[in-house]
Structure formats: structure tokens, C-alpha cells
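Take a look at the structure set out below.
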Amino acid sequence: MNIPKAYEPHAVEKKWYQYWEENNYFYADAHSSKKPFSIVIPPPNVTGSLHMGHALNNTLQDILTRFKRMQGYNTLWLPGTDHAGIATQNVVEKQLLQEGLTRQELGREKFIQKVWEWKRQYGDLIIEQLKRLGASCDWSRTRFTMDEGLSKAVREVFVSLYEQGFIYRDYYIVNWCPRCQTALADIEVEYRTINGHLDYIKYEGVNDDQFVIVATTRPETMLGDTAVAVNPDDKRYKHLIGKEVILPILGRRLKVIGDNFVEIEFGTGAVKVTPAHDPNDFEIGKRHNLQQINILNPDATMNENAGPYQGLDRYECRKKLIEDLKTQGLLIKREDYSYAVGHCYRCDTIVEPYLSNQWFVKMKDIAKPAIEAVKAKRVEFIPESWEKTYFEWMENIKDWCISRQIWWGHQIPVWYCQKCKAPLVERQNPTKCLKCGSNELTQDQDVLDTWFSSALWPFSTLGYPDKTKDLTTFYPTSVLSTGFDIIFFWVARMIMMGLKFMEDVPFKQVYIHALIRDADGQKMSKSAGNVIDPLDVIDRYGTDALRFTLAIMAVQGRDILLSEERIEGYRHFCNKLYNAARFILMNLDDYLDAKSQIPHVRDLSLADRWILTRLNQVVEQVTNNLESFYFNESAQILYDFIWHEYCDWYLELLKPELGGKRRKVIQDLLILTFELILKLLHPFMPFITEEIWQKLPVYREVNSIMIASWPTLTPNQIDLDSIKDMELIKEVVTGIRTIRSEMRIAPKQKLKTLIIKSTPSGILKENIDYVTLLTNTNEVIFNPKATKPDTSATIIVKGIEMYLPLEGIVDLGKEEERLSKELSKVEKELTLLRLKLANEDFVTKAPDEIVTKERQKLEEIIAKHDKLIKSLKSYFH
RNA sequence: GGGCGGUUAGCUCAGCCGGUUAGAGUGCUUGCGUGACAUGCAAGAGGUCACUGGUUCGAUUCCAGUACCGCCCACCA
């Protein structure tokens, strides 16, 4: 057999992924009678390139999908991408800019054409990257949020929400990004603290003694002031309510009003009121019927209402204005002040509160059933603690601003009659006004928030609004896996829309995975550009190593700070597995059976019974942990078992037997056990397991491990005694090895004799060959009456005393030192145990089994202690 | 201002619905080219489980408080 010593992942990955696709193993049949298991992918942005967050989430989804598929479920993992309105428009705009063009110059229609071109060219990049990750998605069902079908779903939902009165249009103050030149929903604004100033500005009174001083972080907004507000209970200002002050620079007269919103303690206790540029002031303005003066152009330059500052950028204006106020002696004070400012989540520009016509969805009534569904556990959050976050937001939900002033997206399906101004909202594009019959209709220029279509994803992708077989088979989906950062954006909205339009929850379980952060603990985001490239990692370490690393680090409720050393470590694990396979395969050259036999119990050695028992335990643990989303646990259990039990002990123990009478039995067992291991590992490491499985001479009911059956328990193979017995063997071996190592006895040097002070029967005697094999010892003598030879080392394991005669090679000083160290450890333990058992309370109150256990422990330790003392004494005569 | 999470080996992190010899990877020390694997094998050093109290026979684990770190939400100009 000619197999390289080290595992080379890349050719293997390519080969098997192609094989899986060609054989349609990812395809889900909606007509299958098997129990369905379905997941819809959180659709990555078409602009996206696979980052670590994707890698993690999709690895976890693939683990679940492959696990369930092997368990025999009719498994659908539905993939797709999101058109990502603002993000994609930004990308294409940037590209245009390099050609010296703006989208305005190009015009709407041509620009959208450009975006589609871009999408066709680059939009599948992330899909290809997901394939490199090994994702077993049903690519025949790949969807895009602007597909014809999905657009139909969007249209249906918008129109029915409108018809039911849940959608309305309003002239309202919204978050406005001056760079993207669109409105943003509240949750699309990220607040960050910046260091700025708090400026104290004097507004002079009509009479000399009636001035007020206001404090502001955004002095330029004063140009839009239409009042000054004070708290009606504030004694300092009470007398001014109803009087007028003069707005500096512009000279506008402002009424002083009383409003409870104003905090007496903060600043000067007097607030400038700018209804057009501050959400609070907007509300105050409504209460007091104040004029709204817009001072900004959509790009945040100052408009004609800004008087002398017209045309300036908002920050130039601020600077100039402060200088002017200083000159006029109206800037009373300027202090350093840090405060939270909203930034656009797409381009990081500071947003402005801005008045404009926007479309909204009334959320309160839609949210109610969605809250109930989670309370009733029809949707289960994992970990459960995220429920609280969900409830918190849902119970305080505000109306959702769904219109965006961009071009890329689902254009709002509302037409306005140019004659009578009536709006038309129809499922089919209208051709004439229903009121006046005019055919001069213009469609609303805005498009819908990207998240509007995302909210429909679990059913729009399955064929809604048509009543498809896919929908009846796969909806509700089984699991949704995502990061907590989009619980509000996406998860909550899907639950609401699913309940409203499908009358059922969109998924039964939501697994909220950890967030992978960068070195500074900042989250990696699509726009911030601080992403680490998983493809680079795949190139260097292989997909399986990356997947296994992510799985073993996927602890519930804690963020992941990924380190490269860690990945390297798990690449070693791939290599270990690969080499175990090489070892097994090179001993199967003469193996001819088409189907390996499970050997009869009487043919099994202790090691065989032990490994079968352990394997059964591992099957149970891995299965249970995967069912409960404990990815790290199941991965860790597999790692420890395969490396430190199967390879370190089992394979080593059976080596000599491969040349003996039991060769056939051992071969059967190797195939049986190793196939089981490969199956358990397959969801985590799909490529290497397929590669090995295809080489292993197993009996194949199917042609790929990915559709082979998931292991189940074989109770008649379980022999719990074998575990205890193997423990003894391992401890004896380790004890002798420790002495060998400390005495600097070369591995090649054979030990002559081991004297064991016990009866020549029992487990140790029956399996003494294991000990001689692993410790390179020639002969063992069992003698209950043995006395310690002068030049020898002592080993005490579970009450059994052993001597290792070491004439000529022993360093007695070292042995004495070793025994003394052990003695002091034992003495410490002894003291603690005695104290514990002397405690009346412990003996009476602790459970009996614990007390018994401690008593047994004490006995053992006393025996060991005595033996150690005796042994040590032998050095002093 | 509310809410949540973290603090365990030099580093990156598991674990603990109370009783274990507190683990892994990596790094470190020592020995070893051993017929699967040097991406390895064997042995070892390294931890008052952040601090202070409480509950308990018993706390790294449960509770409270403190300190530091981080996240989310919130209209304080």
C-alpha cells in the first residue's frame, strides 16, 4: 500500500465534494415518507465573502444536517443569498466611481441593470466558498431574495399587510444616513461614544433680563430651533414660560415653553427645541404645535434655511457657527463631553435625525402572537437565556420603517395617480387609477428594507404564496442557527411573519451561536472590514481541521477568540486519524470478507471488550450532545477517545496479535470499530472520513459515508467491568514507565523481571502480556510472599505492590526521592481524609455512599502509606 | 440608567444542576527515528479555579457583594 505519511487535504476535498454533488446526496425529496429535518441557511449577502462567522455558523448547520441525514431523516438544508440592498448598492456605486460615474448620472434603470450584472458575476462567490467548507446544502433549491418567486412573496405580504391596515405612510423623523442618502430603521443605527463638546449658548431675551442659556452637542441644529423648553417646575425659569427669546445669528423669535421632558438637573435646565432634527424635540414639537424647520439637504449640507451657512457641510457649519457665536459673545462655555452618536451600520457615517415621508409597519399586534409562541416554547431558544433579550425587544417594539431611498431592492408596490393623487396598492401592477381612471400612474420610488424580504425567508424559499409540496413537507423548519446580533433584525421578524402568513412558527428551535471576535474583542462585521479569512485557513490547514476547531470551540453562551495555534493542533488530529487508518489498512491486505463479522464474545480479549464498551459510551454521549447542541462536548469526547484511548492504548495493545492466531478476529474488530469512529466523526470532518471510509473494506449498503447509518448502541457489547480492569492495567503500565523514565532507562533496554506481590490469578495475571508489551519487560513473577529486593524500585497500584529489580541500572537516590515525594502527597491526602471522617457532621449528614467511598479511600491510602514507609526504610539499612 | 456575560496552567480555552488526582490544545523540561503517525511516542514541571462574605457536613462549582474586562438596550439636550 502506497499512502503518504501525512494527510494532504486539498485533492481529497475536491474529489469527494464533487462526488457527493454528482450523486445528488444533498438533494431533499419533498415526497419522501421519511421524517423531515429542515434548516434554512441565514442567507449571506451577495456582496459577502466567507468570513469566520459564516464558517462557524455553516459548519454547525452542516454538522446538524449531516448528523440528521445519517440518522435517517429526510434532510433539507436550503441555501441562498440576500440581495442586501444598501450594502450591494454601495459596492456597485464604488465600482462605478472608479469608472468616473455616479448612479445618478447612470439613471435608475441602467444602474439596476449594472447591479444585476454584478450579481451574476460575483454573487455566487460565497456559494462556492460554502462548498469548500463542505456544506451539504441542496443547491438545486438555492434561492435569492430578489428571485421572481421570492419577489412574489414580498408583494403578497406587503399588499395583505396594507389591506389589513398594518402598513402606513407618514411624514416622520427617521434616522438618515447622509452618505447612503436613505432612511434607516432604528436597529440599523449603531451607537458609539465619541468625544465632543457640550456648548453653552446664550439666547438673549426680548428684554435684557430674560435671556436663557442652552446646552447642546450639535450647535448647528440651532438654525432649526423653533422654541426653547424648560421644565415647568423649574423655579429658575418658570417666569419665562410664554415669553420670547432671540435665536442668535438668524434672529428668529422663539417661544419659551414648559415641558416635563426637560430634566432640571442636566446642563442649564433649558433646552433648545429643534423639531426637525431631534426625535425628542419632534415629540415636543407635536405636543406644542411647533413649526418644523428642516435645515439639511439629504447629503447633510446646510440648506436655504441655514441662512449664511447655506451650502456648508454640517461640521464646517458647526465650526463656523461656534466661531461666530464666540465673536458675538454668545458662546458662554465649551466643555469636553463624550456622548453616544448613531452611526450607519452599513457605511459607519454619523446619521442625522431627519424629517421625511416613509413607510412603516405597525408592529404591536403582529408581535403579540410571536411573544406567545416563544413563551409557549413553540419556538425554543438555545441557550435559553436569549429568550430574555427577545422578550425585552418584542415587548417594547416600535413601528418598523421599511422604506429605503435606494434603488436596489424590491420597489414598493404602491402607485400614485398623477391626476387625483390616490395611492394604488395591488397584487398585479395597475394600469389605471381605480378612482379617476387615469392611466398616468407613477410607482413609489422607494424600495423595501432588505430585512423585509429576509423576514419571509423560511416560507418564501419553499414556494409561498403558492401551496407547494415543499411547504407542507418542510415548514415549519426544524432548526435555525444564527448569531445573536441578528435576533432583532431577523429572528424576531421571521417568527412574526411566519405566524402571520403561515399560521405557524418558522422553526422549532433557534440555536444562537457564539460570536467570533477579532483580537480586540470587536465583532467581525461585513462593513467594518476586520474579517479574518477562513479560506486562507482552509488553504493552510484543510477544511476538516477548521471545522473541527470551530465545533470544539462552539461553547454555548461564550464568544470565540480564534487562535491559529488551535487550528494547527486539530490539523494534527486529522493527521493522527489518517495515520491510524494507514496502520489499519496496511494490516488488511489479506482481508477478504465482504462483510466483517462481529466476533463471538468468547473470542474477545479484555482490550476488545474494553474498546467496544467505551465505543458504546462514546456513541451515546456524542449523539446526546449533538441533539442538545453541545457541539464542543461531542467534538471533545471524540478527540479524547480516538487519540488517547483508541490509538494510544487499543491499537498498541493489539499490534502483537496481528501476527498471531487472532489475526482475523482483530481485523474484524478493527474494521468494525474504526468504521464506527469514522461515522461519528463524519459530521465534523466530512472529507477525511469519506476518504478513509472509501478505502476501508467495510460492507457497503450505500456508496458514501455521508448517507450511511448513524451508529446506535449495541447493549450486548457493553461490559462495564472491562473498563475497571483496563484501568488497572493502564495504571500498572504507567507506573513502570514512570520509573523507567525517571531512572533514565533507555526504551530499548529490556527489563529483566517484574515481581508482583499478589496471587497469581485475576485480571493482572490473565492480561500480564499487556504489561510486558508496553513496558518492555521480559518476565513477571507473581509471589504473594515476595520481599523487596535491595536494589529495586517499588510501585503501588490499587493496593498491589510491585518491585522492579534494577541491579546495575538503578539510581537509589532518585528512587528514594521519588518515593518521598509520593509519600508526602499521600500523607497530605491522609490527613485531610482523616479529618473529614472524624467530622461527626460529615458522617451523619453526607449521603451513605459518599461516606462509604471516603472510608474505602482511607483504607487504600493507609495501606499505600504503610507500604511506602516500608519501602523507604529499605534504603536506610 | 437598565440588562447580560466573563475572570480556571505562561498563552488560547473546556469543565463544575456540590464530594474528581481540576482538564485540553499550545508552549516549557527530559528521553526516544520505536514497522501507523516526529503533524509522533513516553515521562514530567506548571493552577490558593479574580477577591470578600453567605448557604452547606463539604464550594472552583450554588447565592450575594466587590474589583476589573466585554457586550446589548435606553430620548438625557
Side-chain angles (χ1 to χ4, degrees), chain A residues 1 3 5-7 187 191 198-199 214-218 221 229 261-263 265-274 278-284 337 339-340 353 385-386 388-389 392-393 396 484-485 487-488 515 517 520-523 541 545 549 552-553 555 557-587 632-633 635-636 639-640 643-644 647-648 651-652 655 733-734 737-742 744-748 774-776 825 829 836 839-847 849-851 853-854:
Chain A
M1 193 158 305
I3 310 173
K5 280 187 176 181
Y7 175 61
I187 50 173
Y191 286 88
L198 188 59
D199 295 310
V214 297
T216 179
T217 54
R218 295 185 298 151
T221 61
F261 163 77
V262 181
E263 306 251 344
E265 311 299 330
F266 188 87
T268 60
V271 183
K272 56 187 274 316
V273 182
T274 324
D278 184 283
N280 296 313
D281 294 4
F282 178 81
E283 295 298 331
I284 294 175
Y337 189 67
Y339 57 103
S385 54
W386 288 110
K388 207 171 168 179
T389 310
E392 185 70 24
W393 190 69
N396 298 298
F484 65 81
D485 51 332
I487 290 178
F488 305 147
L515 217 60
R517 296 182 181 278
D520 308 321
Q522 294 299 307
K523 76 173 180 183
Y541 303 103
T549 308
I552 210 163
M553 292 185 86
V555 182
R558 188 162 164 162
D559 294 343
I560 296 173
L561 279 153
L562 199 63
S563 75
E564 201 166 309
E565 290 116 38
R566 202 71 194 266
I567 301 169
E568 200 177 345
Y570 294 115
R571 177 185 59 170
H572 296 175
F573 180 53
C574 295
N575 195 240
K576 186 75 183 175
L577 185 76
Y578 176 76
N579 275 293
R582 280 182 68 217
F583 169 72
I584 291 168
L585 290 172
M586 68 177 53
N587 283 294
N632 62 314
E633 279 293 320
Q636 188 70 51
Y639 181 95
D640 288 339
W643 199 311
H644 297 304
C647 290
D648 285 355
L651 292 186
E652 291 304 323
K655 272 178 182 173
V733 168
T734 306
R737 279 174 172 172
T738 304
I739 287 167
R740 289 194 68 123
S741 182
E742 288 187 353
R744 301 285 145 79
I745 302 167
K748 276 179 189 156
L774 297 181
T775 59
N776 198 15
K825 223 164 96 184
E829 236 177 300
K836 199 175 195 179
N839 184 345
E840 194 69 22
D841 284 334
F842 173 72
V843 177
T844 52
K845 288 182 187 166
E849 42 179 282
I850 298 286
V851 178
K853 214 169 112 192
E854 297 293 300

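In what follows, chains carry the letters A, B, and so on, assigned in the order in which the sequence lines appear, proteins first and then strands, with residues in each chain numbered from 1.
Summarising the geometry, the separation between CG on A:Asp485 and P on B:rC73 is reported as 10 Å, rounded to the nearest angstrom. A straight line from CG of A:Asn280 to P of B:rC75 spans 8 Å, rounded to a whole angstrom. Rounded to a whole Å, the NE2 atom of A:His644 is 11 Å from the C1' atom of B:rG23. The distance from atom CG of A:Leu585 to atom P of B:rA36 is 13 Å, rounded to the nearest whole Å.
In this structure, A:Lys825 reaches neither bases nor backbone, as no heavy-atom distance under 4.0 Å exists between it and the strands shown. Base engagement by A:Cys647 is indicated by at least one non-hydrogen atom pair under 4.0 Å involving a base atom. Residue-level contact check: A:Arg740 touches neither bases nor backbone, having no heavy atom under 4.0 Å from any strand. Residue A:Trp643 is in sugar-phosphate contact alone, with no base atom involved, counting any heavy-atom pair closer than 4.0 Å across all strands shown.
Side chain of A:Pro747, nearest nucleotide from B:rC32, B:rG15, B:rG19: B:rC32. When the nucleotides B:rG25, B:rC57, B:rC4 are ranked by their closest atom to the side chain of A:Phe842, B:rC57 comes out on top. Checking B:rC76, B:rC4, B:rA36 against the side-chain heavy atoms of A:Glu263 singles out B:rC76 as nearest. Nearest nucleotide to the side chain of A:Thr734, out of B:rA43, B:rA77, B:rG19: B:rA43. Comparing B:rC32, B:rU39, B:rC37 against the side chain of A:His572 picks out B:rU39 as the nearest.
No hydrogens or angles were tested; on distance alone, a donor-acceptor pair under 3.5 Å links the side chain of A:Lys576 to the base of B:rC37. Residue-to-nucleotide contacts include a donor-acceptor pair under 3.5 Å from the side chain of A:Glu652 to the base of B:rA36.
Rounded to the nearest 0.5 Å, atoms CD (A:Gln636) and CD1 (A:Ile552) are 4.0 Å apart.
B:rG33: glycosidic angle within 90° of 0, hence syn.
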